[in-house]
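Here is the structure we will look at, set down as structure tokens.
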Amino acid sequence: MRLFPLRLAVMGMLLVCLPLFGEQVSYSVGILSLQSGTEALESFVQEVGTGYANLFTIAPTSYSEYLLAKQERSSEMMKNETISLSYAKHSPLELEKASKAELPALVEPPYPLGVTYRTFPFEEKRATMLGTFEASRPWFCSKEGLDALLLIQTTELASVKRIRLFWYDAPSSSTRLIFDQVVVKQDLREKKEDIALALLQRTAGSDASMLVFDQLGPAVRIEANNEDLILSGSHTLVKPGELVLTLSSVGYASRTVSLTVQPGTITHIPGSLKPLDLGSIELVSPFGASNWYVQGSFLGNASSITLGQYSLPMLVVAQKDGFASKTIQLQSPTDSLLVELKPEWMSSVELLEEKQRGFYKSLRNTMLVFGLYVACSTLSETFEVANPLWQPLLVATSGFALVSSLQTIMNLASYASLAGSSVR
């Protein structure tokens with residue numbers, strides 16, 4: 001009986017915080033094989049789904065109603081549990097509170113949702129139940145918190161494998177065959193985009209279309225019909241119809257691609273751009289001859305070196321004995337690049353912190369001594385000015401302040417001098 005107050009507190013906490021737990025943060029899909037020995041196929045399907053069909057953009061009224069109804073059922077179940085616990089405690093006051101407690105407001109599901117995929121290990125009894133009895137599928141989805149179930153069925157004949165994917169949709173309580181193809185020589189990669197398209201039609205609609213940009217550089221900007229196109233990795237969902245794509249990047253020639261996107265397709269587009277002829281650039285080191293490397297290739301040893309043609313982005317590395325190596329990634333065009341090197345000792349955190357501590361210590365002492373001088377000066381004006389006690393105090397504090405100021409200036413000058421040379 002001692003557990004009842006604790007259980008009641010926990011149930012009350014869950015009831016109050018239901019909107020936080022009930023909010024749908026992702027569209028969850030379970031992957032389960034109806035035959036044993038298909039772990040590689042399950043992992044492959046999960047990889048394809050995560051890479052391509054990772055956004056749930058379908059927002060039908062039925063799915064929204066399904067999520068809201070699920071929240072309401074969970075809320076009512078928690079309330080009934082709280083009422084039953086109050087009955088067990090024979091507490092009329094708690095029973096009245098539990099009966100009058102209002103259910104939390106339902107949380108409207110956000111759209112679009114991210115899609116997550118989860119594989120389940122093969123269990124013969126479970127696979128037989130889910131493969132044979134459709135009524136078991138909603139129970140399993142409810143038990144595991146799934147919105148959909150992807151059942152994998154395989155049939156093998158010699159080197160030929162027939163793969164069938166069945167999609168159970170929890171909101172509509174319906175199962176349909178979404179993929180049925182034969183794989184020769186166990187080569188799953190040749191069916192990658194076919195499986196991706198089958199999953200896309202379940203998560204983004206039957207007319208879902210995708211653009212995949214091959215060999216796309218990291219700094220390439222893409223516009224579709226004069227609007228920025230946001231990518232997920234190297235691909236994105238688009239609506240069917242006419243598209244004018246513009247690919248651009250600093251230092252590269254822009255490229256325009258016009259195409260007609262068909263419903264339910266995956267279209268590949270070359271993402272590479274040709275570098276512009278930016279002319280020449282001069283690399284300069286103010287510390288004398290240095291070793292120059294551009295894009296990993298050694299150019300020579302000189303205080304300045306001219307590169308006839310270059311493209312962006314460009315990685316420049318300068319090295320010199322006694323100095324720390326300097327690496328610069330050039331993103332915008334220029335005709336001259338000044339590379340200032342730091343002495344090797346500057347790269348030592350301990351030495352740098354030691355110099356900083358010395359300077360800040362002298363600065364602190366200077367501020368304290370000046371504070372004492374100001375205090376003595378104020379007190380001497382407040383009390384008797386002619387008192388001989390204030391004269392030596394004023395002279396002493398002003399003298400200490402002057403000496404401390406000179407020490408701070410010397411520390412600062414020493415630090416600046418050392419920073420400009422390799423001499424310690």
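The figures here come from the full heavy-atom set of this structure, side chains too, leaving out hydrogens, waters and symmetry mates.
- When all heavy atoms of Gly264 and Leu197 are compared, the pair lying nearest together is O-CD2, 3.2 Å.
- For the pair Ile281/Thr306, no side-chain contact is recorded, criterion being any heavy-atom separation below 4.5 Å from C-beta on.
- The distance from the CG atom of Leu341 to the CD atom of Gln319 is 9.5 Å, given to the nearest 0.5 Å.
- Within the 4.5 Å cutoff, the side chain of Phe179 has no heavy atoms near those of the Arg164 side chain.
- Nearest heavy atoms, Gly300 versus Ile305: N-CD1, 4.2 Å.
- Looking only at distances, a side-chain donor or acceptor of Thr334 sits under 3.5 Å from a matching main-chain atom of Ser336.
- Taking all atoms of both residues into account, the shortest heavy-atom contact from Thr203 to Ala53 is OG1-CB, 3.5 Å.
- Scanning both residues, Leu200 and Tyr52, for their nearest heavy atoms gives CD2-O, 3.9 Å.
- Side-chain contact between Leu338 and Leu283 is absent, with no heavy-atom pair separated by less than 4.5 Å.
- Residues Val316 and Met314 form a side-chain contact, since some pair of their non-hydrogen atoms from C-beta on lies under 4.5 Å apart.
- Without hydrogens or angle criteria, Thr265 side chain to Gln262 main chain gives a donor-acceptor distance under 3.5 Å.
- When the salt bridge (charged side-chain N to carboxylate O under 4.0 Å, His left out) test is applied to Arg118, the partners found at least two apart in sequence or on another chain are Glu144.
- Contact record, Ser33 with Phe122: O-CD1, 3.5 Å, taken as the closest heavy-atom pair.
- Using a 4.5 Å heavy-atom cutoff, the side chains of Leu231 and Ile222 are in contact.
- Side chain of Ser290 to backbone of Gly288: a donor-acceptor contact under 3.5 angstrom is found.
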Please set out all donor-acceptor pairs under 3.5 angstrom arising from side-chain atoms of residues 127-137, sequence neighbours excluded.
residue: Thr128; atom: OG1; partner: Glu124; partner atom: O; Å: 2.8
residue: Thr132; atom: OG1; partner: Thr128; partner atom: O; Å: 2.8
residue: Ser136; atom: OG; partner: Met129; partner atom: O; Å: 3.1
residue: Ser136; atom: OG; partner: Phe133; partner atom: O; Å: 2.6
residue: Arg137; atom: NE; partner: Leu130; partner atom: O; Å: 2.8
residue: Arg137; atom: NH1; partner: Thr175; partner atom: OG1; Å: 2.9
residue: Arg137; atom: NH2; partner: Leu130; partner atom: O; Å: 2.9

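- When atom types are taken as modelled, the side chain of Trp292 and the backbone of Ala302 share a donor-acceptor pair closer than 3.5 angstrom.
- Side chain of Gln329 to backbone of Leu315: no donor-acceptor contact under 3.5 angstrom is found.
- Using a 4.0 Å cut-off between charged nitrogen and carboxylate oxygen, Glu190 and Lys192 do not count as a salt-bridge pair.
- The side-chain heavy atoms of Cys141 and Tyr168, taken from C-beta on, include a pair separated by under 4.5 Å.
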Legend entry - Audit row: Val29, Val115, side-chain contact (heavy atoms from CB on, under 4.5 Å) steps and yes/no: CA-CA 7 Å; Val29 180; Val115 181; 4.0 Å; yes

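- Between Tyr27 and Trp167, the ring planes are parallel. Angles under 30° get that label, and only those over 60° would be called perpendicular.
- Taking 4.5 Å as the limit, some side-chain heavy atom of Phe140 sits within range of a side-chain heavy atom of Leu146.
- Counting only residues at least two apart or in different chains, side-chain hydrogen bond (donor to acceptor under 3.5 Å, both in side chains) contacts with residues 232-252 comprise Glu242-Thr260.
- Of the possible polar contacts, none joining the Asp214 side chain to the Gly271 backbone as a donor-acceptor pair under 3.5 Å is found.
- Looking only at distances, no side-chain donor or acceptor of Glu223 sits under 3.5 Å from a matching main-chain atom of Asp228.
- Taking the side chain as every heavy atom from C-beta outward, Val284 and Leu337 never approach each other to under 4.5 Å.
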